[in-house]
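Below, chain A is the first sequence line, B the second, and so on; all start at residue 1. As a basis for the values below, the full set of heavy atoms in this structure was taken, side chains included, without hydrogen atoms, waters or symmetry mates.
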Amino acid sequence: MTESTDKGRYDFNRIEPKWQDHWLNNRTFKTPNPNESGDKPKYYILDMFPYPSGAGLHVGHPEGYTASDIVSRYKRMRGFNVLHPMGWDAFGLPAEQYAVQTGTHPAVTTQKNIDNMRRQIQSLGFSYDWDREVNTTDVGYVKWTQWIFLKMFNSWFDEAQQKARPIDQLPIPDGLSDTEKEAYINNHRLAYEHEAPVNWCPALGTVLANEEVIGGVSERGGHPVVRKPMRQWMLRITQFAERLLDGLDGLDWSDSIKKLQSDWIGKSIGAEVDFKIDGGTGFQPVNHGQDGRATDIIRVFTTRPDTLFGATYMVMSPEHPLVDTITTDEHKAAVEAYKEMASKKSDLDRTDLTKDKTGQFTGGYAINPVNSEKIPIWISDYVLISYGTGAIMSVPAHDERDFEFATKFDLPIIQVVEPDNAARASSSCKHGQDGRATCFTGDGTAINSGEFTGLKTPEFKEKIAAWLAENNFGEKAVNYKLRDWLFSRQRYWGEPFPILHTEDGRVIALDESELPLELPALEDYKPSESGEPPLAKATDWVNVTLADGTKARRETNTMPQWAGSCWYYLRYMDPKNDVAAVDFEKQKYWLPIDLYIGGAEHAVLHLLYSRFWHKLLHDLGFVSTQEPYQKLINQGMILGSDNQKMSKSRGNVINPDDVVSEYGADSMRLYEMFMGPLEATKPWSMQGVEGVYRFLQRAWRAIINPETGDLLDCIQKTDPDEPTERILHQTIKKVTEDIEGFAFNTAISQMMIFVNHISKLEIRPKAAMEKFVLILSPLAPHLCEELWQRLGHTDSLAYAEWPAFEADKAKEKEIELAIQIKGKTKDKITIAADATEETTQQMALASKKVQAALDGKKAKKIIVIKSRLVNIVA
RNA sequence: GCCGGAGUGGCGGAAUUGGCAGACGCGCGGGAUUCAAAAUCCCGUUCCCCUCGGGGAGUGUGGGUUCAAGUCCCACCUCCGGUACCA
């Protein structure tokens with residue numbers, strides 16, 4: 001091939017690196033700060049940053065990144081000051097496991113992976129402002145993650161004001177000793193230490209949050225998880241439950257994601273009810289005084305106080321503190337054995353799919369407050385100590401779990417709600433084995449309920465709550481499924497806690513001025529079987545002598561990977577600030593994030609944690625908005641060409657590097673968007689890539705002379721003919737609207753239609769071709785920059801004005817109209833777009849085919865849908 | 001089990017939100033170009049029947065509403081994703 005022919009070919013291998021260098025060297029996408037941006041409106045578009053894995057990018061990453069890049073480029077052309085950054089969520093297990101095997105410091109591995117993934121991301125031509133790159137493992141970043149932790153440690157939650165406040169504003173009850181005072185304060189901190197059974201994963205050598213355990217095994221790796229009591233750091237996210245729930249209302253997120261979050265928070269409204277313990281069974285009443293209320297009682301939580309008359313027994317969690325007190329001597333041995341068994345059960349056993357109920361009678365009895373019935377008290381591990389009060393009243397006739405338990409242990413079942421007919425037929429009504437006893441969990445009308453008989457369920461709930469309060473038996477109550485966030489991990493590669501434990505058992509936080517607290521170097525990164533974190537081995541680092549001579553040990557747990565990603569969106573606004581996490585004015589300008597794109601796998605964890613931190617920072621006055629992420633879009637999963645999840649073992653993994661080297665970045669970008677709707681799951685097809693590649697070549701050849709590389713002679717400064725003008729404006733309209741609506745696949749289709757049309761023209765109006773290049777540029781920026789330059793422009797098109805469309809010019813002059821008889825199309829006629837209804841009707845009836853089909857019958861009714869069809873009912 | 005999402009040609013997917021089903025692309029068939037191939041261009045391509053002209057069926061299944069249903073209503077089937085006794 002000669003030099004001259006080469007010049008004119010669509011050579012992405014030359015074009016793409018050329019423009020990537022141009023953008024980087026010219027800082028094309030450097031984002032001005034608020035005071036430098038003139039009066040442009042701001043637009044903050046964020047991608048979920050990746051973990052820099054050794055395997056590099058997979059094709060799922062560029063999907064979201066391409067979508068966000070298209071919107072970013074589009075918004076710039078529409079005159080917005082766009083913040084579009086990228087960074088690295090770089091703490092985490094794989095680098096640490098590699099360190100365990102090889103002794104290589106995780107920072108080294110991480111840096112190598114980051115460099116590789118940055119190269120990959122840059123090879124796709126995304127318009128990130130690389131001057132704002134952040135890395136959660138940089139000490140300059142860790143410093144502020146630790147700083148936020150200190151803010152949590154030094155805050156409490158004011159229930160009355162529903163907000164976090166500095167700990168020094170915590171009202172402390174009078175008459176406490178110094179030790180009591182300190183304990184009181186520690187009990188109110190938003191970050192606190194807690195000794196409790198946790199999810200210990202022996203294989204990973206760490207504890208996991210509830211959210212990281214799926215079906216009894218670890219989310220990462222699928223290793224078994226067991227319950228083990230350990231001292232842990234917790235964050236009091238539960239105090240924010242109500243606000244995290246309320247805040248969802250104002251967010252532009254999909255309903256399904258909002259629902260996932262609200263289900264996770266799991267708000268239940270009901271009542272707490274006190275059951276007196278019956279004294280006649282050899283049991284000695286105790287005084288455990290919950291909040292100054294009645295003593296010698298067991299308190300339960302129920303969402304169905306209207307079924308109190310149907311409570312035939314009570315179940316306590318085996319871990320409930322009153323179990324030993326109410327157990328009679330006769331049952332002591334059996335109860336102890338049951339408790340022992342329950343405590344050993346792993347989470348896997350607890351979620352046993354058979355869900356066969358187990359339990360043990362304690363010998364104790366309680367008195368039902370509504371009818372003074374004496375009911376037996378059982379223990380069972382289907383009642384969780386960590387939810388509600390750790391004890392329930394059992395209403396087997398109206399709760400499936402209670403029903404199962406009662407059936408198994410032959411406990412009485414009393415029906416107290418009569419379903420209305422519709423509900424009776426529905427599936428909320430379940431029959432027992434004997435075919436007579438049933439379990440109905442829906443609403444209905446009360447029966448067998450004393451003075452309340454006859455009430456509808458909702459009304460009953462109101463009345464009984466008032467009755468309980470009046471008689472001092474209980475009150476309305478709200479419970480959440482959400483638990484406090486277990487925030488410590490027994491790992492090396494994470495943020496160290498800025499915390500010291502003194503010899504005399506006090507917990508001291510570092511001063512802000514002592515941050516960052518850096519990780520020590522280690523020889524051996526291996527976790528220990530005892531659960532002691534690797535950091536404990538760094539004795540020089542761990543042991544500290546304070547200014548007053550007190551000896552102390554550093555906290556050796558580290559923070560979980562979620563920590564860094566909780567606030568990274570703030571750091572992008574001000575990545576190099578060393579006196580604040582983010583400058584107040586900058587966050588005020590940029591927040592909230594206008595568009596957040598990422599995978600749905602982060603629907604609960606990352607998004608919930610992050611919203612929690614944001615609310616805390618808001619309460620303390622560091623950020624101005626209640627919520628960080630205003631609009632959220634979840635890109636769908638990309639499957640292998642075999643319609644299966646991509647995985648090494650299936651051998652169906654597509655490497656973006658290969659696609660880029662074979663077809664170029666623009667084809668890769670375009671194909672990812674052409675595959676289908678952004679949010680859909682869809683399979684990869686190399687032939688599909690080839691299809692969009694051909695389209696880009698056609699676009700190139702529609703403008704460039706393949707011999708010389710100059711513009712084709714047919715590109716002329718003339719006005720477009722009518723059809724060309726119409727298609728151009730239709731295309732601008734469709735592409736504009738589709739980008740706004742994230743429907744990139746159909747935008748591309750329309751541009752293909754444009755190219756198909758223009759390629760047939762012998763004279764191609766230059767202005768039309770320029771407009772086309774501009775609207776294609778957000779999707780295929782390298783190709784378009786090159787074409788733009790060859791069309792005679794010296795500046796990058798990144799900030800060129802987005803072409804406007806005129807609705808009039810996009811309209812068809814003549815329209816093909818379908819003529820139907822009773823909904824079946826019999827003929828098609830072409831008619832002026834502005835034809836009146838009357839002429840349309842006449843023309844329709846004049847059709848020979850229609851006349852033939854009518855066969856002399858008279859039209860009873862004629863429906864004319866303007867510029868679409870005529871339907872004749874004969 | 002429960003909660004979401006989805007079922008449209010050989011394939012990926014389009015369809016003014018009730019108005020011509022199958023845009024656009026892939027694949028396939030035919031033709032042009034070529035010594036030949038690749039590339040490119042043109043034509044065709046839902047299925048069935050038919051000699052041309054044409055006719056019939058059709059958006060997971062069965063019913064319904066309507067002049068008109070992929071779209072709305074009722075019942076069900078299948079696949080994918082999430083979840084696990086939260087009283």
Determine the contact category for [X]: base if any of its heavy atoms lies under 4.0 Å from a base atom, sugar-phosphate if only primed atoms, P, OP1 or OP2 are that close, otherwise nothing.
{"X": "A:Ile865", "result": "base"}
{"X": "A:Ser685", "result": "nothing"}
{"X": "A:Ile862", "result": "nothing"}
{"X": "A:Glu816", "result": "base"}
{"X": "A:Lys481", "result": "base"}
{"X": "A:Asn745", "result": "sugar-phosphate"}

Between B:U59 and B:G82 - P atom distance, rounded Å: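 Rounded to whole Å, the distance is 32 Å.
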
Using the C1' atom as the point on both nucleotides, what is the distance between B:A6 and B:G70, in whole Å?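 Comparing C1' positions in B:G70 and B:A6 gives a spacing of 13 Å.
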
Heavy atoms only: give me the nearest A:Pro318-A:Ala342 pair and the separation to one decimal.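 A:Pro318 and A:Ala342 have their closest heavy atoms at CG-CB, 3.9 Å.
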
Kindly give the heavy-atom pair with the smallest separation between A:Asn745 and A:Pro677, and that separation in Å. ND2-N, 3.7 Å

What verdict does the salt bridge (Lys or Arg N to Asp or Glu O under 4.0 Å) test give for A:Lys682 and A:Glu63, after you've listed the backbone C-alpha separation in whole Å, the side-chain angles of each residue and the deciding distance to 0.1 Å? CA-CA 11 Å; A:Lys682 45 216 178 265; A:Glu63 189 189 13; 2.5 Å; yes

I'd like to know if A:Arg726 and A:Glu812 make a salt bridge, using a cut-off of under 4.0 Å between side-chain N and carboxylate O. yes

I'd like to know if A:Lys860 reaches the base of B:C67 with its side chain, counting only an N/O donor and acceptor under 3.5 Å.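 In this structure, the two groups form no donor-acceptor pair.
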
Report yes or no: is there a donor-acceptor pair, N or O only, under 3.5 Å between the side chain of A:Lys828 and the base of B:C20?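 Per atom types, the contact qualifies.
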
OP1 or OP2 of [N] sitting under 4.0 Å from any side-chain N/O of [X]?
{"X": "A:Arg694", "N": "B:A39", "value": "no"}
{"X": "A:Asn756", "N": "B:G25", "value": "yes"}
{"X": "A:Arg698", "N": "B:U40", "value": "no"}
{"X": "A:Tyr387", "N": "B:A87", "value": "yes"}

One should read off an interatomic distance between A:Asp381 CG and A:Thr358 OG1, to the nearest 0.5 angstrom, of 4.0 Å

Specify the separation, in whole Å, of atom CG of A:Leu608 and atom P of B:U83. 14 Å

Value in whole Å for how far the C1' atom of B:G1 lies from CD of A:Glu400: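 Taking CD of A:Glu400 and C1' of B:G1, I get 8 Å after rounding.
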
